[in-house]
Amino acid sequence: MRPGRQLALLGAIFVILASLAWFGGKGGFSDRLAPQLGLDLVGGSRVTLKAVTDTGAPPKPEELEQARQIIQQRVDSLNVAEAQVVTQGNNLIVIQVAKKENDAIRDVGQASQMFFRKVLNTTDGSGAATAPVPTPTVSASAKPSASASAKPSASGTPSPKASGSGGGGAMAAAPSATPSASASAAASPAAQAEGPVTEAQVQAKVGKAAWDAAKALTAVPSDPAAIQVLKPFADLTPAEINALPVEIQYYVPQVTCDKLDARVAGSIRDASKKAVACDGTAKNLLDIAKVAGTDVDTATAGIEQGTSRWVVNLTFSGEGQDKWTELTKEAFNNSGDPKCDPAAVDTDGRCRVAVVLDNTILSAPAIQGVLTDRSQITGDFTVDTAKALADGINYGSLAMTFERQETQTITATLGGEHLQAGLLAAGIGLLLVVIYSFFYYRLLGTVITLSLVLSAVLTFLALVVLGRTMGFTLTLAGIAGFIVSLGVAADSFVIYFERLKDEIREGRAPRSAVQRAWTRARRTILTANAISLLAALVLYLVSTGAVAGFAFALGLATLIDLIVVFLFRYPIMALFARTDAFLSPRVSGLGRVLHEAKEAKA
């Protein structure tokens with residue numbers, strides 16, 4: 001054998017991991033080499049959500065579990081590592097994340113009813129027309145600055161995007177910069193606490209003159225005097241805005257996109273009614289929903305062949321395919337009742353179809369043809385915006401609303417105590433293994449100690465790299481997994497060294513004994529580690545949260561132990577066998593075995 005090659009390969013692995021850990025981070029030494037710690041070590045948040053149905057009764061168990069799975073998928077799509085999403089009782093869902101991820105779960109519990117609605121009209125929703133200036137800043141026929149009816153990027157003729165029996169086509173979109181799962185998160189707790197507001201209450205608040213003027217509108221006013229009469233609508237809260245008729249929401253310029261986006265999540269869940277929603281600062285009047293999010297089979301982000309641009313590919317279910325074909329036929333031909341206003345169509349006179357999640361327009365592509373089961377949304381997407389839109393469509397069918405019951409914070413002080421306790425336990429376990437190895441194997445204990453130290457360094461570097469690349473967080477359960485792995489590492493030492501003793505008792509020379517002992521022990525070591533890896537893999541696949549963290553840590557430590565066994569322990573023993581101290585009774589302990597073997601023969 002040539003031990004130098006194995007040691008060189010191990011050194012290369014160490015250099016690669018160290019380089020990734022160092023150059024992949026920013027800041028000082030501690031920042032570059034700091035692993036990502038979990039909730040129980042650095043503190044974090046525990047959010048409890050209460051499910052609310054239309055009837056007021058608790059949801060069915062299967063509905064609550066479906067909601068939990070959707071929320072878990074949303075959390076996973078946000079790359080929130082080792083987040084726990086569990087149900088409690090018959091109407092609660094509990095989400096736990098680390099401190100650095102508090103903001104990431106803000107939207108995941110929002111109600112989500114996704115619909116595809118034809119855009120009937122569009123106007124400015126920034127509120128600029130309500131400014132007290134001599135002349136109006138926005139005319140009734142002006143197109144909004146948010147490019148809601150922007151020229152589509154795809155050609156006028158639909159281009160098939162999929163093979164097989166299902167037809168395909170493209171939809172040109174002008175996606176917003178950051179499509180998200182629900183922009184309605186801006187709804188404040190105060191707005192939710194106000195409770196349902198009736199139309200009569202809003203009418204009394206704004207006054208008869210303003211109400212009658214708003215009811216008489218058939219277009220967005222441009223006359224300053226008419227806008228001034230509608231001024232009381234500027235004082236309405238998001239909950240009061242939600243109580244207004246759809247036509248008033250659209251025509252009154254004081255009803256801005258900021259107020260519409262701040263409505264309680266799920267404010268436009270009724271598919272049989274028209275709605276008003278915003279795309280940036282563009283306020284859109286939407287037709288009734290003729291296709292629902294549940295009609296979508298899959299939505300995936302991908303790269304379009306030939307153009308290398310990011311697109312979102314959609315496939316529809318059997319019944320959903322018929323609904324989608326009929327909707328795109330109406331939009332492409334601007335047919336049906338009602339038709340789209342000229343301000344809302346593209347340059348070829350085609351309507352747009354808005355993908356509406358809760359109160360928010362995720363995307364409003366112009367239809368480029370009559371589409372069937374496979375369609376494509378194109379536009380100025382990046383990998384992040386395309387994935388965000390696809391995730392919003394995939395996970396946008398949460399058929400209930402949630403109220404935030406409580407938010408608990410686990411302090412960093414408590415997390416620090418957990419970390420100290422975990423590190424202390426790991427240190428004690430490592431010390432006991434080292435003491436035993438020196439007591440029983442003497443100088444060979446140095447090989448054991450160096451192997452454990454090397455495994456610890458490689459594991460630490462792997463944690464730093466994995467934390468940055470895949471979001472793995474080290475939790476107290478993960479530390480427990482690493483402590484348990486010490487036993488697996490110690491077993492491989494015992495197997496090899498005891499086999500080595502057997503070879504020496506049989507009269508083998510040191511070099512021959514090291515080689516034969518390794519050959520005979522290797523299969524046993526591989527089998528033992530394979531069982532540990534298999535157990536860790538199964539546990540990781542069937543569990544979540546802290547248990548999954550334990551399984552991942554155990555599997556990672558076991559895999560690294562195998563690397564150290566093959567690339568360090570065996571080569572270093574081969575080098576050690578060339579020294580005179582190898583068979584010294586005082587130094588290695590193996591000389592005593594050789595002495596006992598000679599006495600037995602005598």
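- Side-chain atoms of Thr558 and Ser485 form no donor-acceptor pair, as typed in the model, at a separation below 3.5 Å.
- Residues Gln249 and Ile241 approach most closely at NE2-O, 3.2 Å, considering heavy atoms.
- Arg117 and Asp287 are not joined by a salt bridge, as no carboxylate oxygen comes within less than 4.0 angstrom of a charged side-chain nitrogen.
- Open room surrounds CZ on Phe14; 12 or fewer heavy atoms of other groups in view lie less than 6.0 Å from it.
- Other residues, nucleotides and ligands contribute more than 12 heavy atoms inside 6.0 Å of the NZ atom of Lys290.
- Scanning both residues, Cys340 and Asn334, for their nearest heavy atoms gives N-OD1, 2.8 Å.
- Between the side chains of Asp270 and Ser272, at least one donor N or O sits under 3.5 Å from an acceptor N or O.
- Here Val465 pairs with Leu17, Leu20, Ala21, Thr469 under the side chain to side chain contact (heavy atoms under 4.5 Å, CB included) rule; sequence neighbours left out.
- Note: Phe552 and Tyr540 have tilted aromatic rings, judged against thresholds of 30 and 60 degrees for the angle between ring planes.
- Between Asn333 and Arg350, the side chains place no donor N or O within less than 3.5 Å of an acceptor N or O (distance only, hydrogens not considered).
- Neither side chain, Asp384 nor Thr382, offers a donor N or O lying under 3.5 Å from an acceptor on the other.
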Does Leu286 form a side chain to side chain contact (heavy atoms under 4.5 Å, CB included) with Val276? I'd like the steps, not just the answer. CA-CA 6 Å; Leu286 307 175; Val276 177; over 6 Å; no
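- Taking the salt bridge (Lys or Arg N to Asp or Glu O under 4.0 Å) definition, one finds that Lys259 meets it with nothing, sequence neighbours left out.
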